[in-house]
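Since we're looking at a predicted model, the values are computed, not measured.
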Amino acid sequence: RAASLLHAGRAAEARPLLEALCQRQLADAEAWCLLGTALGLLGQHERCADCCQRAIALRPRYPEAHNSLGNALAALGRLPEAEAAYRAALKLNERYAEAHLNLAQILRRQGRAADAETQYRKFLRLTPDSVPAHFQLGLTRTAQGRPAEAEVALRAALRLKPDYPE
């Protein structure tokens, strides 16, 4: 029930259920990761990171926990640590599209446009219909002084969603 609430965007309702579950099942990595996700959605990023680290300690080969840890660290402004967490998730599952996108955004925030572009392209190979990713790729290419290539990415976004305001 808690996972359903969380996936429905009702993190505040899911949190107490997940907290109770974690107290009953201390070794349940998925419960700790879900609790971390709920806390992150509620803006409690330090607690989110703690829960994700607990999940990783219980199950080191859990890419979703590494990705969620990256999200918490990114929200805390700890970009190099967030990058490491996303890379750990991708080492465990190179087809984890969300981790590619998150890594791209962190690299872009660090001013590493070429590296970000590589990750956006990997994400788009896995999720070719992502309008925001095409848009972000266009912005990244613009920042690199490559307007013609930026136009290609931006036109791809517009082909997918002609009324995309950005």
Side-chain angles (χ1 to χ4, degrees), residues 3 6-7 9 11 29-30 32-56 59-166:
L6 186 59
H7 294 306
E30 185 176 358
W32 285 103
C33 184
L34 289 173
L35 176 56
T37 300
L39 292 168
L41 291 171
L42 295 170
Q44 298 177 32
H45 304 296
E46 286 285 352
R47 287 189 63 208
C48 172
D50 291 342
C51 290
C52 293
Q53 288 170 333
R54 178 106 183 230
I56 292 166
R59 190 182 341 156
R61 300 189 56 78
Y62 188 8
E64 291 82 0
H66 289 279
N67 187 65
S68 292
L69 175 60
N71 292 341
L73 295 168
L76 292 167
R78 295 163 53 185
L79 304 186
E81 293 171 83
E83 178 184 346
Y86 295 136
R87 289 193 186 282
L90 289 167
K91 185 175 182 183
L92 295 169
N93 179 1
E94 67 185 36
R95 297 188 53 79
Y96 191 177
E98 185 180 342
H100 282 293
L101 181 61
N102 291 336
L103 178 56
Q105 292 168 337
I106 287 297
L107 294 168
R108 191 161 171 252
R109 284 175 62 186
Q110 294 181 80
R112 294 165 54 196
D115 294 333
E117 179 178 355
T118 298
Q119 294 304 317
Y120 282 125
R121 285 184 296 153
K122 287 180 180 182
F123 174 79
L124 285 166
R125 276 196 288 275
L126 298 167
T127 314
D129 293 338
S130 172
V131 173
H134 283 288
F135 173 69
Q136 291 298 324
L137 178 59
L139 292 181
T140 301
R141 288 175 172 169
T142 298
Q144 292 175 294
R146 297 164 43 208
E149 293 172 73
E151 181 181 355
V152 170
L154 296 170
R155 287 193 184 277
L158 288 172
R159 268 192 304 282
L160 292 166
K161 188 170 182 181
D163 61 343
Y164 192 63
E166 287 82 357

Measure the [atom1]-[atom2] distance between [X] and [Y] for me, rounded to the nearest 0.5 Å.
| X | Y | atom1 | atom2 | result |
| --- | --- | --- | --- | --- |
| I56 | C33 | CD1 | SG | 8.0 Å |
| L69 | Q53 | CG | CD | 5.0 Å |
| L79 | Q110 | CG | CD | 5.0 Å |
| E83 | R109 | CD | CZ | 12.0 Å |
| L101 | L126 | CG | CG | 11.0 Å |
| N102 | Y96 | CG | OH | 7.5 Å |

Checklist entry - Any donor and acceptor pair, going by atom type alone, linking the side chain of H100 with main-chain N or O of R121 inside 3.5 Å? => result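 Looks like no, no N/O pair under 3.5 Å.
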
Checklist entry - Counting only heavy atoms not in Q144, do more than 12 sit closer than 6.0 Å to its CD atom? => result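 Enclosed.
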
Checklist entry - Near E149 CD, under 6.0 Å, is it more than 12 heavy atoms from other residues, nucleotides or ligands? => result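 Correct, the count exceeds 12.
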
pair [X]-[Y]: side-chain heavy atoms closer than 4.5 Å:
| X | Y | value |
| --- | --- | --- |
| H134 | Y120 | no |
| L35 | R54 | no |
| R87 | I106 | no |

Next on the checklist: Test side chain to side chain contact (heavy atoms under 4.5 Å, CB included) on L90 and Q119; report intermediate values, then the result.
Outcome noted: CA-CA 11 Å; L90 289 167; Q119 294 304 317; 4.0 Å; yes

Can you name the nearest heavy-atom pair linking [X] to [Y], along with the distance?
| X | Y | result |
| --- | --- | --- |
| A104 | A116 | O-CB, 3.4 Å |
| L41 | A11 | CB-CB, 3.9 Å |
| A113 | T140 | O-CG2, 3.3 Å |
| T142 | A150 | OG1-CB, 3.2 Å |
| A99 | A89 | CB-CB, 4.2 Å |
| F123 | A97 | CD1-O, 3.0 Å |

Checklist entry - Considering the options R146, R108, K122, Q136, which one meets the side chain to side chain donor-acceptor pair (under 3.5 Å) requirement together with E117? => result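 When R146, R108, K122, Q136 are each tested with E117, the side chain to side chain donor-acceptor pair (under 3.5 Å) holds only for R146.
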
Checklist entry - Can you name the residues that form a side chain to side chain donor-acceptor pair (under 3.5 Å) with R78, not counting sequence neighbours? => result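 Here the qualifying residues are E81.
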
Checklist entry - Step by step, would you call T37 with N71 a side chain to side chain contact (heavy atoms under 4.5 Å, CB included)? => result CA-CA 9 Å; T37 300; N71 292 341; over 6 Å; no

